[in-house]
Enquirer: 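Just passing along the structure, written as structure tokens.
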Amino acid sequence: MLRAAQGGASLDHAVPADTASAAWKDEVFAALEGAGVTQVYYVPDAGHATLIARAHAHPRMRAVPLTSEEEGVAGCVGAWLGGAKAVLLMQSSGVGNCVNMLSLPRTCGAPFLTLVTMRGEWAEFNPWQVPMSRATATVLEAMGVAVRRVDRAEDAAETVDAAAALAYGASQAVAVLLAQRLVGRKVWK
Amino acid sequence: MLDRRDAVRALLAGRPAGLLVVAGLGTPAYDLFAAGDYDANFYLWGAMGGAAMVGLGLALAQPDRPVLVLTGDGEALMGLGALATIGAQKPANLLVVVLDNGHFGETGMQPSHTSLGTDLPRVAEACGFAWSATVRDMAGVEAIRPRLAAPAGPGLVRAVIGAEPTPKALPPRDGAYLATRFRAQLGLAPD
């Protein structure tokens with residue numbers, strides 16, 4: 001059982017297996033840790049389960065489960081106002097929930113970093129995931145968020161590291177889309 | 001029933017040193033500005049539904065500072081899920097004050113859900129807030145005021161205010177300016 005190191009929410013079940021466990025997920029977490037991220041906002045996705053578990057277990061991170069993704073956009077800006085670095089973890093369907101709230105980092109010149117696991121694009125079983133999946137990059141770009149996409153495991157950590165440098169170093173809004181092929185098929189059994 | 005300007009002025013009279021304030025868009029931001037402009041005030045002019053979560057991110061980043069979110073019933077209702085998120089995190093330094101006139105005041109005074117059955121203090125308590133209260137008069141505001149320096153939160157106060165129009169008192173709208181000066185008073189250099 002994993003418990004949070006510092007108050008707030010904690011995971012009260014054994015961490016379930018990701019749709020696919022892989023070393024690159026640990027490397028992505030290390031990139032976030034190395035960038036100085038201390039607040040991790042998330043709406044869960046199986047593809048983010050490793051990051052979420054690591055964040056809950058980390059002594060200097062606060063992992064914050066959300067009821068809806070736009071809460072995390074506002075939380076990230078609040079963190080920056082207070083001098084902390086934050087990240088939002090969500091899946092592609094959640095990007096649609098964030099649209100107007102993305103005016104907040106844009107108007108304030110705040111850094112914003114989000115890691116988005118893609119659904120609806122690779123061996124997708126559920127048609128309801130497809131429309132927002134196809135609109136994800138367009139919606140983010142329309143709101144001024146730079147989009148980087150990772151299709152290969154060997155590119156994941158470097159892309160997240162570069163996105164974090166762009167976000168926190170140059171005060172930009174940046175999304176890293178993690179391809180469904182990379183994250184792994186959802187198993188419907 | 002409270003006059004909103006008088007209530008906010010009284011709440012912030014003798015403002016505690018180190019208090020950080022986030023104001024939701026619309027009249028609550030004007031009320032805060034009218035009570036005195038400070039670098040430690042962050043006024044939202046949009047991002048409706050986001051005020052409480054900006055407050056949470058700030059409260060987690062600055063755990064030794066009291067953080068006040070001053071917002072309206074419409075803004076709080078749009079971000080109702082944030083109360084569940086805050087209740088889960090239990091930031092002791094966060095206080096949310098909702099100026100509740102029961103209406104969407106900026107857009108034609110349509111009745112809001114707080115006029116139609118939603119009781120925000122009960123929602124907050126059900127979400128795990130440490131405490132909540134409803135204040136209807138200046139004595140109630142005076143009783144809440146010490147909580148600004150020591151929220152013992154998360155707390156939520158519903159201040160029942162009138163729905164009559166108030167004079168506009170418009171804070172700066174430049175988000176980058178507001179953010180830069182806010183961060184500067186915390187000793188954070190511009191990027």
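Just so we're on the same page: letters track the sequence lines, and every chain starts at 1.
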Enquirer: Applying a heavy-atom distance below 4.5 Å, give me the residues of residues 60-83 of chain B that approach chain A, sorted by number.
Expert: B:L60, B:A61, B:Q62, B:G81, B:A82
Enquirer: Flag the one option from A:P111, A:C76, A:G78 with the top tally of heavy-atom pairs under 4.5 Å to chain B.
Expert: A:G78
Enquirer: Would A:T107 and B:D174 count as a side chain to side chain contact (heavy atoms under 4.5 Å, CB included) here? Give the steps.
Expert: CA-CA 8 Å; A:T107 306; B:D174 183 332; over 6 Å; no
Enquirer: Highest number of heavy-atom pairs under 4.5 Å with chain B: which of A:A84, A:A86, A:G169, A:C108?
Expert: A:C108
Enquirer: Looking only at heavy atoms and a cut-off of under 4.5 Å, which of B:T180, B:L58, B:L44, B:L186 has the most pairs with chain A?
Expert: B:L58
Enquirer: In Å and rounded to the nearest 0.5 Å, what is the CE to CG distance from B:M48 to A:N100?
Expert: 10.0 Å
Enquirer: Is the closest side-chain heavy-atom distance between B:M53 and A:V77 below 4.5 Å?
Expert: no
Enquirer: Shorter than 4.5 Å, heavy atoms on both sides: which option in A:G83, A:A79, A:S68, A:G72 has the most such pairs with chain B?
Expert: A:A79
Enquirer: Hydrophobic clusters here meaning ILVMFWY residues chained together by side-chain heavy-atom distances under 4.5 Å, can you tell me if B:V8 and B:I144 are in one?
Expert: yes
Enquirer: Could you look at A:S171 and say if it's the side chain, the backbone, both or neither that has a heavy atom under 4.5 Å from chain B?
Expert: side chain
Enquirer: When heavy-atom pairs shorter than 4.5 Å are enumerated against chain B, which of A:V73, A:T67, A:L66, A:L81 gives the highest number?
Expert: A:L81
Enquirer: Given heavy-atom pairs under 4.5 angstrom as the criterion, report whether the side chain, backbone, both or neither of B:Y177 touches chain A.
Expert: neither
Enquirer: Would you indicate whether A:E158, at its atom CD, is surrounded by more than 12 heavy atoms from other residues, nucleotides or ligands within a distance under 6.0 Å?
Expert: no
Enquirer: Do the side chains of B:L25 and B:V21 join up, straight or via other hydrophobic residues, at under 4.5 Å, putting them in one cluster?
Expert: no
Enquirer: Is there a path of hydrophobic side-chain contacts, each under 4.5 Å between heavy atoms of I, L, V, M, F, W or Y residues, that connects B:L11 with B:M138?
Expert: yes
Enquirer: Which bit of A:Q39 is near chain B, if near means a heavy-atom gap under 4.5 Å: side chain, backbone, both or neither?
Expert: side chain
Enquirer: According to a 4.5 Å side-chain heavy-atom criterion applied to Ile, Leu, Val, Met, Phe, Trp and Tyr, with indirect links allowed, do A:V147 and A:M101 form part of one hydrophobic cluster?
Expert: yes
Enquirer: Assigning hydrophobic clusters by single linkage (Ile, Leu, Val, Met, Phe, Trp, Tyr; side-chain heavy-atom cutoff under 4.5 Å), is A:W128 placed with A:M132?
Expert: no
Enquirer: Report, by ascending residue number, the residues of residues 134-145 of chain A in heavy-atom contact with chain B at a distance under 4.5 Å; give 'none' if the set is empty.
Expert: none
Enquirer: Does a sphere of radius 6.0 Å around NE2 in B:H113 hold more than 12 heavy atoms from other residues, nucleotides or ligands, not counting ones at 6.0 Å or beyond?
Expert: no
Enquirer: Determine whether A:P65 and B:Q89 make a side-chain contact, defined as any pair of heavy atoms from C-beta on separated by less than 4.5 Å.
Expert: yes
